[in-house]
Amino acid sequence: MQLKQNNNVSAILAAASCALLGTPVQAQDKGDEWQFDTAILYYGETDRVQLVEGVFNANKDFGDEHYFNGKLVIDTLTGASASGAVAQSGVQTFTRPSGNDSYTVEGGETPLDDTFRDTRVQASGQWTQPLAENYRISAGLQASKEYDYLSIVGNGSLDMDLNQKNTTLSAGVSYAFDSIDPVGGRPVDFSSMVIDNGQFDSTEAYQQAFDATRLQGSEQKDTIDLLFGVTQVINRRMLMQFNYSLSMSDGYHNDPYKVLSIVDQQGLTQDIVHESRPTERTKHSVYWQTKYALDQGVMDFSYRFATDDWEIDSHTIDTRFRYNLSETSYIQPHIRYYQQNEAEFYNPFLSQGTPLPEHASADYRLGKMTAITLGLKYGMQLENGNELAFRLEYYQQTPENAGFEQPGTLADEDLYPALKAVIAQVSYSF
Amino acid sequence: MKRKYTIFIAMMALLQLAGCANLGVQPWERDLLAKDEMALDSEGVDIGLDDHIYFSKEATSGGRSFAGGGCGCN
């Protein structure tokens, strides 16, 4: 009771001093209140995946630099994804991942598996507080669940401020446990897709053949990430961050829904096999971000270089320029450029008659590509102090041939179709 | 090639650290840096959404923060 009275007194004093200073009371009170950021995002690819994702993010300042962040994300995914099989001049028949049905793909078209339908829920919490003078610790937990996938992540980090808080050194560690239980079971690496073309005497015979290509039960993946960072104030207008991160994962890395075509010298598909990826991956990345305060806004530039033992190197440049139109509104153009080369085991198809490699995947996401994002955001502060923002972006991925020769009729097919998507988002903070 | 990258990264880190001692501002010069939009994670929700998209569509993730864990996104 006594405490409450004190709070009231301090609130009145704060209000009085704000009135004297001519600043809005709400801004002063914000530190003690919950701050909510919400957003709804639509991501739609032409003829492929459609995603709707909602975010509810809550921050609370408990005083004395004790902060809590909680976040809930829900998304639903529908549509089609490239299976990895190559286009052919004639109609192709494929078995769905569940084994319960099949679908056909017209000649000249990239095989897409159109059965993707999933809802994912992700919840996370993060606590940050001082440990001693100039030291801060932070710890968090995150869980994400969808029909065939579960991910649980824990993280912890330590920050140290130096040089009048102009320099901050950070070290963090994160451990992720992922469990996957694919629809229809886990395909045996390089096992042939069982397709019912009428060659089976009975449904049981087909089911038996299908089951022989599958392993039941879930598989796991463990990931440990280490992150070391330096944040440095350069001058009154400029701030920089420099990170090095190391990520080591061990376990099931296959995408159970991806396949490869085995083609003959004429470029005709003879078999469809399930992919096989290594069971380990070690990634290194360096990340550099600079923010620069202009009189009319903020320039944000970042560059990331990543390399891993799957021999994928990538470069990412991300830049946002916030331009304040007035005291309460801004526009923000966004340009992102991404480039990666192909994984060492990436193959758009396999050739009949040559021995199977140790690992192979035709997943376009492991192939050579460039991608560009162009976007624009408009944000405004409403009369009640809350912020409303709209974002519209265009994303285009352009896969490239990394030097694979296409035999026979395959030369006429487009094995590297571009992926085009629109991203639209509405955000509201209160 | 890997060795060259390692040397490059180490040199960048050393340069950054060596330069730190002479850089920075006095506490009363933080007016611009203290603005919400100057925080490194000022676009937190947007970045989280973008990370999910790019994690699902490209072979690299993380860098800004931890890369591990995730989803079976397609």
Side-chain angles (χ1 to χ4, degrees), chain A residues 37 39 41 43 49 53 55 57 81 116 120 144 146 148-149 151 153 155 163-164 166-167 172 174 176 178 180 223 225 227 230-237 239 241-245 247 249 283 285-287 289 291 293 298 304 306-307 312 314 322 338 340 343 365-366 371 391 397 425 427, chain B residues 1-2 4-6 8-10 12-17 19-74:
Chain A
D37 301 300
L41 171 130
Y43 168 89
V49 167
E53 185 161 347
V55 182
N57 186 68
S81 186
F116 287 101
R120 185 177 73 101
S144 167
E146 59 206 280
D148 58 359
Y149 207 98
S151 175
V153 189
N155 75 72
N163 183 22
Q164 286 191 311
N166 282 302
T167 307
S174 146
D178 289 16
I180 182 163
T223 310
D225 283 10
L227 193 140
V230 181
T231 306
Q232 176 65 42
V233 172
I234 306 297
N235 56 38
R236 190 170 151 256
R237 290 182 182 273
L239 187 66
Q241 186 178 37
F242 190 84
N243 287 346
Y244 162 74
S245 55
S247 174
S249 52
K283 303 191 278 186
S285 78
V286 284
Y287 173 80
Q289 184 183 8
K291 289 196 93 161
V298 174
R304 176 186 65 182
T307 181
I312 299 172
S314 75
R322 175 182 166 128
Y338 175 81
Q340 75 179 39
R365 296 169 298 183
L366 298 178
R391 182 163 74 118
Q397 220 175 55
Q425 183 188 329
S427 316
Chain B
M1 201 61 180
K2 284 268 156 69
K4 267 189 190 167
Y5 285 134
T6 315
F8 172 74
I9 290 161
M12 287 290 285
L14 276 174
L15 276 173
Q16 179 102 5
L17 281 172
C20 289
N22 301 319
L23 298 171
V25 295
Q26 297 299 325
W28 57 87
E29 295 175 310
R30 286 185 174 265
D31 54 333
L32 296 172
L33 297 168
K35 287 185 173 183
D36 285 348
E37 57 263 35
M38 275 302 281
L40 288 168
D41 60 351
S42 63
E43 306 268 324
V45 169
D46 290 16
I47 287 165
L49 287 163
D50 283 357
D51 281 352
H52 179 209
I53 292 171
Y54 300 130
F55 170 88
S56 312
K57 296 290 150 192
E58 298 167 354
T60 306
S61 60
R64 181 189 295 269
S65 59
F66 299 117
C71 53
C73 316
N74 272 275

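Note on naming: letters A, B, ... go to the chains in the order of the sequence lines (proteins, then strands), and numbering restarts at 1 for each one.
Proximity of a side-chain donor or acceptor of A/R365 to a complementary backbone N or O of B/S56 within less than 3.5 Å is detected. No donor-acceptor pair under 3.5 Å is formed between the side chain of A/Q241 and the backbone N or O of B/L40. With hydrogens and angles ignored, the 3.5 Å screen pairs no side-chain donor or acceptor of A/K291 with any backbone N or O of B/L33. With hydrogens and angles ignored, the 3.5 Å screen pairs no side-chain donor or acceptor of B/E37 with any backbone N or O of A/R322. Checking side-chain atoms of A/R236 against main-chain N and O of B/D31 turns up no donor-acceptor pair under 3.5 Å.
Using a 4.5 Å cut-off between heavy atoms, A/S245 touches chain B through its side chain atoms alone. Contact annotation for A/A343: neither backbone nor side-chain heavy atoms come within less than 4.5 Å of a heavy atom of chain B.
Qualifying side chain to side chain donor-acceptor pair (under 3.5 Å) partners for B/Y54, counting only residues two or more places apart in sequence or in other chains: A/T373.
At a threshold of 4.5 Å between non-hydrogen side-chain atoms, the residues A/L41 and B/H52 do not count as touching. In this structure, B/E58 and A/Q397 have side chains that are in contact, with non-hydrogen atoms separated by less than 4.5 Å.
The CG atom of B/L49 sits 13.0 Å away from the OH atom of A/Y43 when rounded to the nearest 0.5 Å.
Among B/M38, B/Q26, B/R30, the residue making the largest number of heavy-atom pairs under 4.5 Å with chain A is B/M38.
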